[in-house]
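Working notes for the structure below.
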2 protein chains.
Amino acid sequence: MTIQTRFETADNGVNVAALMGAREALEAAPEAGQFTWRAECEWMNGTHSRSTVSGFHGLGAEQARAQSFTIDSDHPTVFAAEDKAPTPVEIVLSGLAGCLSAGVAAVAQRRGIQLRSVRATVEGDMDIAGILGIDPDVRNGFSAIRVTFHVDADATDDEIRAVIAQSQKRSAVFDIVTNPTNVEVSVA
Amino acid sequence: MTIQTRFETADNGVNVAALMGAREALEAAPEAGQFTWRAECEWMNGTHSRSTVSGFHGLGAEQARAQSFTIDSDHPTVFAAEDKAPTPVEIVLSGLAGCLSAGVAAVAQRRGIQLRSVRATVEGDMDIAGILGIDPDVRNGFSAIRVTFHVDADATDDEIRAVIAQSQKRSAVFDIVTNPTNVEVSVA
């Protein structure tokens with residue numbers, strides 16, 4: 001099977017032609033690439049909150065969606081909470097997994113690799129002496145994160161490894177987690 | 001109204017006594033504070049994936065939950081995708097909002113401040129020239145994040161500001177976003 005044949009037949013559901021077109025369009029009009037993503041969070045009770053995701057700003061305009069999405073968060077019963085939803089840190093791990101998986105599908109598509117299944121297990125280690133304020137030398141967040149991919153695809157192990165490496169290289173959430181970002185918190 | 005009266009009457013749904021007990025217990029048995037949080041992600045099609053959050057490791061044992069939770073992610077139609085779910089970066093913003101909001105409820109409870117409503121708007125700026133690979137000097141993640149709280153509570157503006165500041169100081173996701181974390185990606 002030649003590369004050309006693979007490129008023509010692989011279908012992972014990613015519109016690579018449209019993405020390449022968007023890239024060309026943005027090279028000509030870089031200001032359209034300035035996006036602002038949003039979440040609106042409402043405290044429910046205790047440690048339970050609900051975030052709503054709807055519109056965002058991008059391509060020079062406010063972008064509406066056909067539907068809005070909600071993401072609830074809570075703490076588990078071992079923290080004396082009601083466990084109505086995943087914890088905020090599990091939500092971040094889910095975002096990381098989703099970002100890398102979307103990247104795997106897009107990069108594989110571009111390389112003509114047909115994916116059959118992609119699963120990722122994401123684990124984050126945390127010493128809760130940080131968030132409980134027991135030890136000021138322990139950070140509040142994860143001490144380490146491990147992502148393990150299980151990929152069944154029409155490709156060699158080396159090709160799969162290269163696809164995952166390229167996904168990391170272009171992943172927004174991988175960057176957010178591995179590098180610092182300034183967060184400004186204010187009260188209206 | 002005295003501080004003591006406020007402490008006795010405020011009820012934000014957070015069990016502060018249990019959290020203080022957990023803190024004392026962990027000071028005596030620090031190894032119990034080593035947690036591992038997990039998400040299992042399955043690629044659906046295109047940029048659409050589904051993460052499942054169920055058990056975690058903590059307090060020296062595997063902790064099951066009464067239910068598992070799913071968090072889907074996708075890309076929007078402006079990226080030629082099907083917009084079946086929030087983007088991974090909006091999921092991270094939701095996790096940040098949920099983490100800070102849970103902290104506000106817990107800190108307010110401990111300080112005897114009755115909350116009536118807490119809303120947070122979280123915005124993240126991103127130049128998509130990064131993720132599209134147009135400009136290697138543009139990062140893939142957020143260039144800046146802004147969190148704006150609207151709090152209605154039985155407290156002065158200064159007290160509300162102090163509660164939010166303490167929530168930041170103890171927030172796992174605030175730490176994850178503002179500081180770097182090592183992420184190891186492997187293929188099984």
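Quick note: numbers below take in every heavy atom, side chains included, and nothing from hydrogens, waters or symmetry partners. Computed from a predicted model, the values in this text were never measured in an experiment. Below, chains carry the letters A, B, ... as their sequence lines are ordered, and counting in each starts from 1.
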Contact leader toward chain A among B/G95, B/G58, B/S94, B/S73, where contacts are heavy-atom pairs under 4.5 Å: B/S94

Is there side-chain contact between B/R110 and B/M20, with heavy atoms separated by less than 4.5 Å? yes

Side-chain heavy atoms of B/V187 within contact of A/D157, under 4.5 Å: no

Under 4.5 Å between any side-chain heavy atoms of B/N45 and B/W43, yes or no? yes

Flag the pair A/D74 and A/K84 as a salt bridge only when some basic side-chain nitrogen lies within less than 4.0 angstrom of an acidic carboxylate oxygen. no

What part of B/F69 lies closer than 4.5 angstrom to a heavy atom of chain A: side chain, backbone, both or neither? side chain

Please answer whether the main-chain N or O of A/D175 pairs with a side-chain N or O of B/N140 as donor and acceptor at a distance below 3.5 Å. no

For chain A, find which of B/V92, B/V14, B/N179, B/N15 contributes the most heavy-atom pairs closer than 4.5 angstrom. B/N179

Of the listed B/P30, B/S51, B/G130, B/A120, the one with the largest count of heavy-atom pairs under 4.5 Å with chain A is B/A120

Between chain A and each of B/G103, B/A165, B/A97, B/G133, count heavy-atom pairs under 4.5 Å; write down the option with the most. B/G133

Side chains of B/T87 and A/F56: closer than 4.5 Å at any heavy-atom pair? no

Contacting moiety of A/N182, where chain B heavy atoms sit under 4.5 Å: backbone

Which atoms of A/Q67 come close to chain B, meaning under 4.5 Å heavy atom to heavy atom: side chain ones, backbone ones, both, or neither? side chain

Against chain B, work out which of A/A102, A/A39, A/A17 has the most heavy-atom pairs shorter than 4.5 Å and name it. A/A39

Non-neighbouring partners of B/R50 that pass salt bridge (charged side-chain N to carboxylate O under 4.0 Å, His left out), sequence neighbours left out: B/D72

Chain A heavy atoms under 4.5 Å from B/T36: which part of the residue, side chain, backbone, both or neither? both

Against chain B, label A/Q63 side chain, backbone, both or neither, depending on which of its atoms sit under 4.5 Å from a heavy atom there. side chain

Of all of A/A172, A/A32, A/A66, which one pairs up most often with chain B through heavy atoms under 4.5 Å apart? A/A172

Charged N to carboxylate O under 4.0 angstrom, B/D152 versus B/R119? no

Turns out that what part of B/L132 lies under 4.5 Å from chain A's heavy atoms comes down to both

Would you indicate whether the side-chain heavy atoms of B/E82 and B/T47 approach each other to under 4.5 Å? no

Find the one option among B/L100, B/T121, B/T70 whose heavy-atom pairs under 4.5 Å with chain A are most numerous. B/T121

B/H48 versus chain A, heavy atoms under 4.5 Å apart: side chain, backbone, both or neither? neither

Is any side-chain heavy atom of A/L93 less than 4.5 Å from a side-chain heavy atom of B/R38? no

Greatest number of non-hydrogen atom pairs under 4.5 angstrom with chain B, of A/A81, A/G33, A/A129, falls to A/G33

Side-chain heavy atoms of B/V89 within contact of B/F142, under 4.5 Å: yes

Atom pair CZ/CG of B/R139 and B/D127 - distance to nearest 0.5 Å: 12.0 Å

Aromatic rings A/F79 and B/F35: how do their planes relate, parallel, tilted or perpendicular, breaks at 30° and 60°? tilted

For atom CD of B/E184, decide whether the heavy atoms of other residues, nucleotides or ligands shown that lie under 6.0 angstrom number more than 12. no

Using heavy-atom distances under 4.5 Å, tell me whether B/Q34 contacts chain A through its side chain, its backbone, both, or neither. both

Side chain / backbone / both / neither for B/V53 at chain A, heavy atoms under 4.5 Å: side chain

Region of B/I131 that comes under 4.5 Å of a non-hydrogen atom in chain A: both

Under 4.5 Å, counting heavy-atom pairs only, tell me which of A/I164, A/V151, A/V138, A/I128 racks up the most with chain B. A/I128

Give, as side chain, backbone, both or neither, the part of A/S68 having an atom under 4.5 angstrom from any heavy atom of chain B. neither

Relative to chain B, which of A/S117, A/G13, A/A106 shows the most heavy atom pairs under 4.5 Å? A/G13

Would you mind telling me which of A/A85, A/S171, A/A108, A/A144 has the largest number of heavy-atom pairs within less than 4.5 Å of chain B? A/A85

Residue part contacting chain A, namely of B/L96, when any heavy atom lies under 4.5 Å: side chain

Per-residue tally against chain A (heavy atom, under 4.5 Å) across B/L115, B/D135, B/T52, B/L59 peaks at B/L115

